[in-house]
Amino acid sequence: MPVQETDDKVIVTFPNDDTTSVTVLKYGATVISWKVAGEEKLWVSEGAHLDGSKPVRGGIPLVFPIFGKLKDESHATGALPQHGFARNSTWEFLGQVGEKLPSVQFGLGPENIDPELYKKWGGGKYDFTLIFTVTLHDDALKTDIEVENTGNEAFDFNWLFHTYYKIPDITDVLVNNLTDEKCFDQLLAEEYIEKSPVVQFHEEFDRIYKSVRNDKYIQIIDKGKVLMTLERVNLPDAVVWNPWIKKSEGMADFLPKLGYHNMLCIEPGHVSDFVNLKAGDKWSGSQICETHHDIKQQSNIY
Ligand code: TA6
């Protein structure tokens with residue numbers, strides 16, 4: 001059966017191949033597993049809370065309406081917790097919307113948010129609908145988000161897919177096609193141009209690559225083989241994050257502690273500034289995670 005719903009999850013399997021599947025936890029509409037021919041592509045902490053008690057550490061948490069935590073409490077999102085409320089609210093399963101490529105949808109509106117939490121966004125004056133779509137290909141996963149302003153006041157928001165990829169070892173992987181891109185280094189609180197021909201990892205890494213052309217592939221390369229190619233639609237920014245040992249030791253739900261060796265976050269979004277959505281308008285963005293590409297080296301020279 002291509003789509004199975006349980007009380008807390010939705011499991012989608014590829015037609016005639018149940019070794020290819022995606023599992024979505026209704027809490028946060030968090031993708032907690034994506035398997036291609038039996039091989040898990042996402043990293044989920046062994047200490048992740050899957051009972052709705054806190055956002056899932058791993059998989060694809062959904063970040064809305066704020067990325068990170070604003071220091072400016074006067075901003076409409078200033079009182080919200082880090083990364084907003086989408087990842088810690090239970091979404092409504094809206095059903096299957098695609099057959100040949102099995103696709104399922106989840107919805108979130110003010111009625112699904114804890115009232116205390118919702119009031120922290122602009123005093124609860126905004127009205128919105130989020131529609132999250134997950135589409136399973138034989139060797140790729142597509143996630144789409146549509147944000148609709150169903151109220152009568154414009155609002156500002158960030159969106160980000162906080163995708164945790166499973167990798168053999170962080171010290172072996174490279175990430176390409178970010179050379180000459182402007183980035184904000186969250187650790188140094190500094191902005192600079194990335195000059196490394198390929199990004200490597202040997203310590204905590206937390207950078208927001210800003211306005212990266214949407215036609216640029218971002219690839220995770222392991223010992224010369226492309227593990228993952230990320231394509232983006234209308235998502236100009238990409239956060240690259242690995243907590244390394246000290247940060248992972250400081251996160252109770254990050255287990256095993258050496259697990260930072262086996263994960264890397266490449267997080268497409270619109271986070272370096274806000275999207276301003278007028279009353280009645282819609283905005284959408286997508287990530288396509290692909291496992292079948294060869295290395296595609298792109299630069300900004302033309
Ligand atoms: O996406 C990178 C980041 O903003 C890091 O700075 C780190 O805080 C990470 O998100 C995880 O945040 P969380 O709230 O899930 O612990």
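Only heavy atoms go into these numbers, but all of them, side chains included; no hydrogens, no water, no symmetry mates.
Using modelled atom types, one finds no donor on one side chain facing an acceptor on the other under 3.5 Å when comparing Asn177 with Lys296. Looking only at atom types and distance, the side chain of Glu194 has a donor-acceptor partner in the side chain of Ser196 under 3.5 Å away.
To the nearest 0.5 Å, atom CZ of residue Phe205 and atom CD of residue Gln186 are 11.5 Å apart. In this structure, Ile32 CD1 and Arg57 CZ are separated by 15.5 Å, a value rounded to the nearest 0.5 Å. Note that CG of Leu62 is 10.0 Å distant from CZ of Phe106, once rounded to the nearest 0.5 Å. To the nearest 0.5 Å, atom OG of residue Ser286 and atom CG of residue Asn234 are 8.5 Å apart. Atom-to-atom distance recorded for Asp127:CG and Asn149:CG is 8.0 Å, nearest 0.5 angstrom. With values rounded to the nearest 0.5 angstrom, Ile145 atom CD1 is found 7.0 Å from Phe132 atom CZ.
Between Ile218 and Tyr209 there is no side-chain heavy-atom pair separated by less than 4.5 Å. Contact of the Phe85 side chain with the Asp114 side chain is not registered, since no non-hydrogen atoms from C-beta on lie closer than 4.5 Å.
Partners of Glu148 according to the side-chain hydrogen bond (donor to acceptor under 3.5 Å, both in side chains) rule, which considers only residues two or more places apart in sequence or in another chain, do not exist here. Residues passing the ring-ring contact (aromatic ring centres under 6.0 Å, His included) test with His292: none are found, sequence neighbours excluded. Remark: Phe161 engages Trp159 in a ring-ring contact (aromatic ring centres under 6.0 Å, His included) (not counting sequence neighbours). Partners of Trp34 under the ring-ring contact (aromatic ring centres under 6.0 Å, His included) rule, at least two apart in sequence or in another chain, do not exist in this structure. Considering only residues two or more places apart in sequence or on other chains, Lys54 meets the salt bridge (Lys or Arg N to Asp or Glu O under 4.0 Å) condition with Asp253. Remark: Lys195 pairs with Asp180 by the side-chain hydrogen bond (donor to acceptor under 3.5 Å, both in side chains) rule, at least two apart or across chains.
More than 12 heavy atoms of other residues, nucleotides or ligands sit less than 6.0 Å from atom CG of Asp51. For Asp138, the CG atom counts as densely surrounded, since its 6.0 Å shell holds more than 12 non-hydrogen atoms of other residues, nucleotides or ligands. Annotation for Lys257: atom NZ counts as buried by contact number, over 12 foreign heavy atoms lying within 6.0 Å. Annotation: Lys216, atom NZ; neighbour count of heavy atoms from other residues, nucleotides and ligands within 6.0 Å is above 12. Residue-environment remark: CD (Glu191) exceeds the threshold of 12 foreign heavy atoms within 6.0 Å. The 12-atom threshold is exceeded at CD of Glu40, counting heavy atoms of other residues, nucleotides or ligands nearer than 6.0 Å.
Phe254 and Pro243 make their closest contact through CE1-CG, 3.7 Å (heavy atoms, listed as atom of the first residue, atom of the second, distance). Residues Thr179 and Asn300 share a closest heavy-atom pair of O-ND2, 3.9 Å. Nearest approach of Asn88 to Pro55, heavy atoms of both residues: CB-CG, 4.0 Å. Shown here for Pro268 and Gln287, the closest heavy-atom pair between the two residues is CG-OE1, 3.3 Å. Residues Ser248 and Tyr260 come closest through the heavy atom pair OG-CD2, 3.9 Å. Residues Phe93 and Gln105 approach most closely at CD1-O, 3.4 Å, considering heavy atoms.
Cluster partners of Leu188, by chain and number: Tyr192. The rule joins Ile, Leu, Val, Met, Phe, Trp and Tyr whenever side-chain heavy atoms lie under 4.5 Å apart. Residues Ile288 make up the rest of the hydrophobic cluster containing Val233, defined by ILVMFWY side-chain heavy atoms closer than 4.5 Å, directly or through other members. Counting Ile, Leu, Val, Met, Phe, Trp and Tyr side chains that sit under 4.5 Å apart, directly or through other members, Ile131 shares a hydrophobic cluster with Leu94.
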task = Starting from the C-alpha separation in whole Å, work towards a yes-or-no answer on side-chain contact (heavy atoms from CB on, under 4.5 Å) for Phe201 and Trp244.
result = CA-CA 9 Å; Phe201 304 90; Trp244 221 255; 4.2 Å; yes
query = For Thr229 and Glu231, what are the C-alpha separation, side-chain angles and deciding distance, and is it a side chain to side chain donor-acceptor pair (under 3.5 Å)?
reply = CA-CA 7 Å; Thr229 296; Glu231 285 195 70; over 6 Å; no
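We find that Lys210 and Asp237 are not joined by a salt bridge, their nearest charged nitrogen and carboxylate oxygen being 4.0 Å or further apart.
In this structure, Gln298 contributes its side chain and Asp215 its backbone to a donor-acceptor pair below 3.5 Å. Remark: side-chain polar atoms of Arg232 are paired, donor with acceptor, to backbone N or O of Arg213 under 3.5 angstrom. His83 places a side-chain N or O within 3.5 Å of a backbone atom of Gly68 that can act as its donor or acceptor partner. The backbone N or O of Met263 lies less than 3.5 Å from a partner atom in the side chain of Asn242, making a donor-acceptor pair.
Residue pairs satisfying the salt bridge (Lys or Arg N to Asp or Glu O under 4.0 Å) criterion with at least one member in residues 165-178, sequence neighbours excluded, are listed as follows: Asp172-Lys223. Counting only residues at least two apart or on different chains, the side-chain hydrogen bond (donor to acceptor under 3.5 Å, both in side chains) pairs with a member in residues 14-30 are Glu5-Lys26, Asp17-Thr19, Asp17-Thr20.
Classification of the Phe128-Phe64 ring pair by plane angle, with boundaries at 30° and 60°, yields tilted.
There is no path of hydrophobic side-chain contacts, each under 4.5 Å, that joins Leu187 to Met251. Val212 is not connected to Ile221 by any chain of hydrophobic side-chain contacts under 4.5 Å among Ile, Leu, Val, Met, Phe, Trp and Tyr, and they are in different clusters. Ile266 and Tyr217 end up in different hydrophobic clusters when Ile, Leu, Val, Met, Phe, Trp and Tyr side chains are linked at under 4.5 Å. A chain of hydrophobic side-chain contacts below 4.5 Å, direct or via other Ile, Leu, Val, Met, Phe, Trp or Tyr residues, connects Val173 to Ile245. Hydrophobic clustering, with ILVMFWY side chains joined whenever heavy atoms are under 4.5 angstrom apart, groups Leu258 together with Tyr164.
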Output a table of donor-acceptor pairs, distance under 3.5 Å, between side-chain atoms of residues 8-15 and any protein atom two or more places apart or on a different chain; print 'none' if there are none.
from	atom 1	to	atom 2	distance (Å)
Asp8	OD1	Thr6	OG1	3.2
Thr13	OG1	Met1	O	3.2

